[in-house]
Amino acid sequence: MGGHKIAASSSSGRSFCSGFWSSALRRKTLAPQSDAAVHGEVLVRGLGLFELILLGIGASIGAGIFVVTGTVAHDAGPGVTISFVLAGAACVLNALCYAELSSRFPAVVGGAYMYTYAAFNELTAFLVFTQLMLDYHIGAASIARSLASYVISFLEIFSVFKGHIPSWIGGGKEIFGGVVSINILAPILLIILTMILCYGVRESSVANSIMTVTKVLIVIVVIFTGAFEVDVSNWSPFAPNGFKAIVTGATVVFFAYVGFDAIANSAEESKRPQRDLPISILGSLLVCATLYVAVCLVITGMVPYKFLGEDAPLAQAFTAKGLKFVSILISIGAIAGLTTTLLVGLYVQSRLYLGLGRDGLLPSIFAKVHPTRHTPIHSQVWVGCVAGIMAGLFNVNELSHILSVGTLTGYSVVSACVITLRWKDKVGSQGYRRCISSWHEGIISIVVVACCGFGSGLCYRFGASFIFLIVAIVIAILAAAALHCRQGYSDPPGFSCPGVPIIPIASVFFNIFLFAQLHEEAWLRFIIVSFISVGIYAIYGQYNAKLVSSEDSIIYHGIPTEAS
């Protein structure tokens with residue numbers, strides 16, 4: 001009897017494992033074009049090229065241009081300019097990968113999650129979603145608290161408010177030994193932005209466009225005004241702490257360029273996605289890089305880098321020159337910058353939840369779209385509530401050291417997606433692959449490059465022998481050569497990333513190199529969240545995911561033709 005129970009238990013365990021893996025390895029097949037649309041469940045294509053570019057700029061230029069420049073300049077000196085150039089060049093690799101995939105799958109929301117689902121499998125896509133979503137949730141709450149603080153600081157410019165605003169309104173009043181930090185204004189700001197996003201994509205796009213144009217104009221005024229106060233002697237020495245400090249600065253300012261996923265997630269709401277998404281991704285990156293470099297040159301030329309403030313370097317630099325009116329403009333620009341970053345972040349989160357709700361990996365309530373407003377109200381309210389609770393009760397700024405894990409994970413996987421989705425059978429190569437399939441050989445090569453990137457990052461971070469760094473780079477080059485020589489690559493429709501597989505594999509290497517520079521707690525967070533995600537998928541996702549096939553491809557909104 002006991003033997004039967006053991007046998008039944010063993011059989012049940014094998015059945016669960018086999019069922020889990022068969023579900024986890026499913027891939028989504030997306031048709032290139034479809035006119036099918038579920039009534040009442042579609043979004044509206046109301047975003048043109050200009051709105052998409054402003055969306056990317058709104059997601060990227062926030063507090064970074066007003067704060068991070070001074071922080072990095074303390075170590076890199078005027079060489080912070082080169083730090084932004086290097087980070088921008090690295091981001092071009094990611095942008096090219098995003099541009100190709102956004103053109104290849106222009107009809108659905110989901111961004112990095114959707115690309116991973118199509119290129120790899122269901123479980124990996126769910127893992128990418130959870131890592132990204134934790135970044136977005138913590139980031140939204142942190143930005144909301146920073147925005148509340150900036151609003152209070154701006155109000156206190158006027159004597160009627162100075163010293164009369166309690167800390168619990170916008171500054172954060174700590175209770176219970178600092179476990180709870182009350183902030184009333186941050187949730188209020190989140191409620192307002194959530195209402196705008198629920199009202200309609202056109203209305204939220206108008207709000208984003210107005211604030212983004214405002215902050216860009218303010219930054220341009222700052223650049224031209226500051227240019228007349230530049231003393232070129234302040235640029236010498238240009239790299240006081242050497243080139244390594246410049247490279248380290250590049251790893252810090254890299255995150256000032258994020259915004260590709262925001263544009264990619266607007267695919268279903270873009271008027272001409274195949275044309276506009278690639279252009280807006282690359283165009284917004286170019287605008288951001290130009291503004292960052294110009295601002296760095298101006299503030300390091302106005303004030304010696306050692307005397308730049310770390311909290312508000314731009315404002316302090318102009319105040320030191322007696323230009324207080326510019327400091328007020330900078331405060332307004334910082335508020336507008338944080339507002340657009342928060343608005344776009346909330347927008348992206350709701351579209352990601354919408355995608356998973358449609359696929360069945362989350363409850364179907366997240367897939368509901370308002371029949372008249374054509375916005376995912378349930379998803380939007382959910383992300384607003386999560387951010388509001390976190391921002392109102394906790395000092396989430398202390399969690400900043402575990403951020404960027406999801407972003408780097410998403411960027412790395414998207415770059416790998418470009419490679420795998422391009423693979424095709426290479427004639428005459430089967431004879432060399434009797435022990436391992438072409439697919440698995442390619443995946444192994446990509447993993448080897450990622451491991452080498454992490455190893456190189458650790459060597460650089462902890463000052464290991466130069467030999468170890470060279471060995472890691474050489475192994476990565478050999479793996480990239482295997483990808484180039486032993487795989488066949490097809491040309492995708494729409495925008496095509498040049499230099500495949502070299503550019504995407506270089507993107508993977510650099511992203512994982514940056515991953516190695518993160519705080520150790522960030523690595524621990526990656527592992528813990530991954531285990532939790534697998535558990536959620538095993539309990540809920542694998543049983544509720546909607547099966548897809550080439551005959552039943554999921555397309556929610558047809559791709560407009562040039563004539564439409």
Side-chain angles (χ1 to χ4, degrees), residues 9-30 101 105 108-138 261 264-265 348-368 376 378-379 382-383 386 402-403 405-414 416-417 420-421 439-440 443 446-447 450 515 522-549 552-554 556:
S9 176
S10 177
S11 175
S12 175
R14 286 196 299 268
S15 176
F16 172 81
C17 290
S18 61
F20 174 84
W21 284 114
S22 63
S23 299
L25 297 178
R26 289 189 299 236
R27 285 197 290 169
K28 179 185 287 296
T29 303
L30 297 177
L101 295 181
F105 302 124
V108 289
V109 296
Y113 153 77
M114 186 61 64
Y115 306 150
T116 307
Y117 205 164
F120 291 104
N121 54 63
E122 195 169 277
L123 179 59
T124 305
F126 189 71
L127 291 174
V128 168
F129 163 79
T130 52
Q131 295 290 351
L132 275 173
M133 198 48 60
L134 186 56
D135 268 14
Y136 277 123
H137 281 321
I138 297 175
D261 207 48
N265 271 283
V348 172
Q349 292 177 61
S350 67
R351 271 55 182 178
L352 280 169
Y353 274 105
L354 172 65
L356 270 85
R358 285 170 166 174
D359 292 337
L361 293 173
L362 289 178
S364 59
I365 190 172
F366 291 110
K368 300 295 181 182
H378 297 91
S379 296
W382 165 256
V383 299
V386 171
I402 68 169
L403 287 176
V405 173
T407 304
L408 286 173
T409 301
Y411 281 6
S412 302
V413 175
V414 165
C417 287
T420 58
L421 288 169
W439 166 267
H440 288 102
I443 294 297
I446 294 173
V447 171
F515 192 97
W523 304 343
L524 184 61
R525 166 233 146 145
F526 176 82
I527 296 172
I528 293 174
V529 171
S530 295
F531 274 112
I532 294 174
S533 301
V534 171
I536 294 173
Y537 177 80
I539 295 171
Y540 182 88
Q542 67 166 323
Y543 300 113
N544 294 277
K546 297 177 181 177
L547 301 180
V548 294
S549 66
D552 186 28
S553 300
I554 294 183
Y556 307 109

### Query
If you round to the nearest 0.5 Å, how far is CG of Leu352 from CG of Leu132?
6.5 Å

### Query
With no hydrogens and no angle check, do the side chains of Ser530 and Gln131 hold a donor and an acceptor under 3.5 Å apart?
yes

### Query
Heavy-atom distance under 4.5 Å between the side chains of Ile443 and Phe120, does that happen here?
yes

### Message
Is there a side-chain contact between Val413 and Cys417 in this structure, where contact means two heavy atoms from C-beta onward sitting under 4.5 Å apart?
### Response
yes

#### Entry: Approximate separation, where rounding is to 0.5 Å, of Leu127 CG and Asn121 CG
8.5 Å

### Message
Quick one: does any side-chain atom of Ser364 pair with a main-chain N or O of Gly360 as donor and acceptor, under 3.5 Å?
### Response
no

### Query
Is the shortest distance from a Lys or Arg side-chain nitrogen in Asp135 or Arg525 to a carboxylate oxygen in the other one below 4.0 Å?
yes

### Query
Given Leu361, which of Lys546, Glu122, Gln542 fulfils the side-chain contact (heavy atoms from CB on, under 4.5 Å) condition?
Glu122

### Message
Taking Thr420's backbone N and O only, do any of them form a donor-acceptor pair with Trp439's side chain (distance below 3.5 Å, no angle check)?
### Response
no

### Task
Run the ring-centre check on Phe129 versus Tyr353 and record whether the distance is less than 6.0 Å.
yes

### Query
Quick one: are Phe515 and Thr409 in side-chain contact, heavy atoms under 4.5 Å?
yes

### Task
Check whether any side-chain N or O of Tyr537 sits under 3.5 Å from a backbone N or O of Ala24 as a donor-acceptor pair, and report yes or no.
yes

### Phe366 backbone acceptor or donor facing Ser379 side chain under 3.5 Å
yes

#### Entry: Leu421 vs Tyr115 side-chain heavy atoms within contact, under 4.5 Å
no

### Message
Given 3.5 Å as the limit, does a donor-acceptor pair link the side chain of Asp261 with the main chain of Val348, or not?
### Response
no

